[in-house]
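Have a look at the structure below, then the notes.
These numbers come from the heavy atoms of this one structure, side chains and all, not from hydrogens, waters or symmetry mates.
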Amino acid sequence: MRLMSIKEISMLLLGMVLIFALYYLRTNEQIFTATPAQSTNNESGQVDLMVATEPEQTTLPPAVLDQVEIPDWLGNKGDYELDNLTLEDLLELAQLAHEQGHDFFPENQNALVYLINAKAMGVEDPKIEELLTTIHAALYSEAELAIENYDATKLTALTARLKSIDENDNNITNYINQISIINTLERLTTEAEAYLLAGKLYEQDRKDAVNTTIKATNIDANYQPITTIKEQILLELQARALRAAQELDFLIAEQQIEIMRELDSSHDITMATIDELQSQKQNRFAYLDQQFYNAIQNINLARANDMIDALIALDIPPSQLNNYQQLLQKTQTYGPFDLAEEFNDLLANGNAGPTMVVLPTAEFYMGSQTGPKHQRPRHLVEIDYGFAVAKNEVTVADFRTFIETTGYTTTAELRNRAKIYDERTGRFKQKFNINWRHDYLGKYAEDYLPVIHVSWQDAKAYADWLAQSTGEPYRLISESEFEYVLADGENALYPWGDAEPVQVWGNFSGAKDKFKKSRIRWREGFKEYADGYWGPAPVGSFVANMLGLNDLSGNVMEWVDDCWHDSYIRAPGDGSAWVNRGCENRVIRGGSWGSANEEYQIHHRLKAATDFTDPRLGFRVAKTLSFK
């Protein structure tokens, strides 16, 4: 038996391989589903292939993309050799592979392999170019489909085959870039899932699910796996925000909303969460607003302040918050009252007390730097508390209620005498059995006249009783308060200005006034003034000043709470009375129906012993309104 030569054995093996290859191409399924190239027939009967156009280059964000290496596809043929196949064999194998849809897959047994080897023989054959063009177009089509499906493995294989056809193909760079993007998206998705599973939703170092998802979204917002993760994160943030809102921690809720906005401000979950939070905040605002005004109405300032703190947590507009704060501050200062409001507190017997007027806080300069020593130095006084002053001087009727209720005995009653005006001589003289019940002539006084013949001790006793009877902080007015309400903020000589009065302002001593039908005149009164009264007038007979108070500068002089001091050195600057323990002399302010001209001046002040009485001297009360 003749042994086969090496050449014969080689040809036999090659034939067997060829037969196996043809059988494989006819029977084996595709590894990847190929999409045939689209074609149209032109008028000449030739096939025009729709070659893929160059894709638009993607501008990548500043994220680190994974590096990509395209494998040497043709260099990975293993032991499979085609060198001994003829051109006809290669074309036949290529055509058969093409008919089977194996244009470029599987490895080494596809039409592209055979065509490349056929072309390497250096023979120009139109069949090779025609089929190669068809496969080239199919590669473009499959590459675009792989990009659309985010299939980096297939796109890598397709790019390797394109590179084997023409390594200078302009599309290769873009496909490599797309592979890098897909790989990076897959990696970031894995990282985001791990962060989400570990509960690292949003961390200070930005190594978290949110920031990783943002990186991926910046690369491709349509990548479905990262879109799914983004929705999971948004749902978790939504749950946290709404839970915080239910617990009234709107600061935490807003922080979750801000993270959601950072992740995707226009997402339906984000928008729905914002709407729900706004609804809850609006409901909370309506509740706090109602509770605030209820607290203000009930003068529950601690609760009103708590409501403001809660409103601050809602982050309401500054102008609106300022309105609440101003109302709270006003209520802390004036309680339920408005400025210039008149009110009467009820006495223990159910009757109304004196009419009081609510006055504004103030800052003014007290005293006169050019006046006598006891009016100096001129100094700043700041009244930052709410207070009210009696609209009128205390009347005979007011004082009678006090006496009948308490059985109090006045200084004049203890002495059984007081001064009256002697209508025969025009002078003042002592007379027995004169007290608060009498007028300046010694006759019984009408109820509507200001009470006179009262000492500072009597005035203080009335104020203390008034405080006890009403349960409110009534007191004598302080000297600085008196100068403030007398001047009404004017820096002038008199309350009405610097000149002598022309129109009727109050019950002053005027040269044109006369006592009844006699010829008695005021020698030291205003030269061109007449008010029609000789002696005290009924309270409120004249126009009130700009603060709504009557008879501050005339009618009767008034006791104030302060002890007498020879100057204002070390005088308090907060509006309070300057009182020293055991002081024997107190201050008298304002002019009277029988005063000399200078006694009507704003800065004028007198001193008198606490038991001093006079038919030109009365008093009025004040009440502290501070509710802090």
Side-chain angles (χ1 to χ4, degrees), residues 354-355 357 389-399 419-423 426-428 436 438-443 445-454 459 477 482-483 485-488 492-497 499-518 520-560 588-602 604-606 613-620:
T355 298
V357 180
V389 173
K391 185 178 182 69
N392 301 304
E393 298 134 333
V394 174
T395 65
V396 173
D398 294 331
F399 204 76
K419 285 183 180 180
I420 62 167
Y421 178 76
D422 188 345
E423 55 188 325
R427 298 178 181 275
F428 293 95
W436 64 270
H438 300 91
D439 65 10
Y440 77 110
L441 296 174
K443 300 177 181 180
E446 300 290 343
D447 284 351
Y448 46 75
L449 288 172
V451 68
I452 54 177
H453 307 304
V454 287
I477 189 171
F482 193 97
E483 183 160 325
V485 297
L486 180 64
D488 189 21
L493 188 61
Y494 300 102
W496 55 85
E500 293 189 5
V502 177
Q503 68 183 82
V504 176
W505 288 102
N507 185 7
F508 310 144
S509 56
K512 292 187 176 182
D513 278 328
K514 61 180 180 178
F515 178 66
K516 297 181 180 181
K517 296 181 180 180
S518 70
I520 299 176
R521 297 284 192 275
W522 293 115
R523 287 182 293 182
E524 297 183 5
F526 297 119
K527 297 178 182 179
E528 301 297 325
Y529 189 80
D531 53 55
Y533 287 93
W534 194 283
V539 297
S541 296
F542 302 93
V543 62
N545 73 351
M546 295 299 292
L547 295 175
L549 305 178
N550 295 317
D551 304 320
L552 284 167
S553 187
N555 216 27
V556 294
M557 298 179 292
E558 300 182 25
W559 287 111
V560 296
I588 296 173
R589 294 300 298 254
S592 75
W593 55 273
S595 294
N597 291 6
E598 65 271 10
E599 294 177 10
Y600 298 109
Q601 294 177 8
I602 290 173
H604 178 75
R605 56 198 299 257
L606 295 172
T613 65
D614 193 272
R616 294 163 294 182
L617 177 60
F619 69 99
R620 75 178 70 214

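Classified by interplanar angle (parallel below 30°, tilted 30° to 60°, perpendicular above 60°), the ring pair Tyr529/Phe526 is perpendicular.
When atom types are taken as modelled, the side chain of Thr395 and the backbone of Pro450 share no donor-acceptor pair closer than 3.5 angstrom. Proximity of a side-chain donor or acceptor of Asp422 to a complementary backbone N or O of Gly426 within less than 3.5 Å is not detected. Asp513 places no side-chain N or O within 3.5 Å of a backbone atom of Ala530 that could act as its donor or acceptor partner.
Scanning for side chain to side chain contact (heavy atoms under 4.5 Å, CB included) contacts around Glu598 gives Ala596, Gln601, with sequence neighbours left out.
The cationic atom of Arg616 (NZ for Lys, CZ for Arg) does not lie both less than 6.0 Å from the six-membered ring centre of Tyr421 and within 45° of the ring axis.
Two residues are said to be in side-chain contact when any heavy atoms from C-beta on lie closer than 4.5 Å; Pro615 and Ile420 fail this criterion. No side-chain heavy atom of Leu617 sits less than 4.5 Å from a side-chain heavy atom of Ile452. When side chains are defined from C-beta on, Trp505 does not count as touching Ser553, because their heavy atoms never get closer than 4.5 Å.
Exactly one of Tyr533, Tyr600, Phe508, Tyr440 qualifies for a ring pair (Phe, Tyr, Trp, His ring centres under 6.0 Å) with Trp593. That residue is Tyr440.
Arg620 and Glu558 are joined by a salt bridge, as a carboxylate oxygen and a charged side-chain nitrogen come within less than 4.0 angstrom of each other. A salt bridge links Lys512 and Glu528; the closest N-O separation between the charged side-chain nitrogens and carboxylate oxygens is under 4.0 Å.
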Report task. Start with the C-alpha gap between Asn507 and Asp531, add the side-chain angles, then the distance that decides, and say whether side-chain contact (heavy atoms from CB on, under 4.5 Å) holds. Result -> CA-CA 6 Å; Asn507 185 7; Asp531 53 55; 3.4 Å; yes

Report task. Begin with the C-alpha distance, continue with both residues' side-chain angles, and end with the deciding distance and a verdict on side-chain contact (heavy atoms from CB on, under 4.5 Å) for Asp447 and Val396. Result -> CA-CA 5 Å; Asp447 284 351; Val396 173; 4.2 Å; yes

Query raised in the report: Does the side-chain contact (heavy atoms from CB on, under 4.5 Å) test come out yes or no for Val454 and Thr613, once each step is laid out?
Result: CA-CA 5 Å; Val454 287; Thr613 65; 5.7 Å; no

Query raised in the report: Checking side-chain contact (heavy atoms from CB on, under 4.5 Å) for the pair Leu552/Val485: CA distance, chi angles, key distance, verdict?
Result: CA-CA 8 Å; Leu552 284 167; Val485 297; 3.9 Å; yes

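Defined by atom type and a distance below 3.5 Å, a donor-acceptor pair is present between the side-chain atoms of Asn392 and Asn550.
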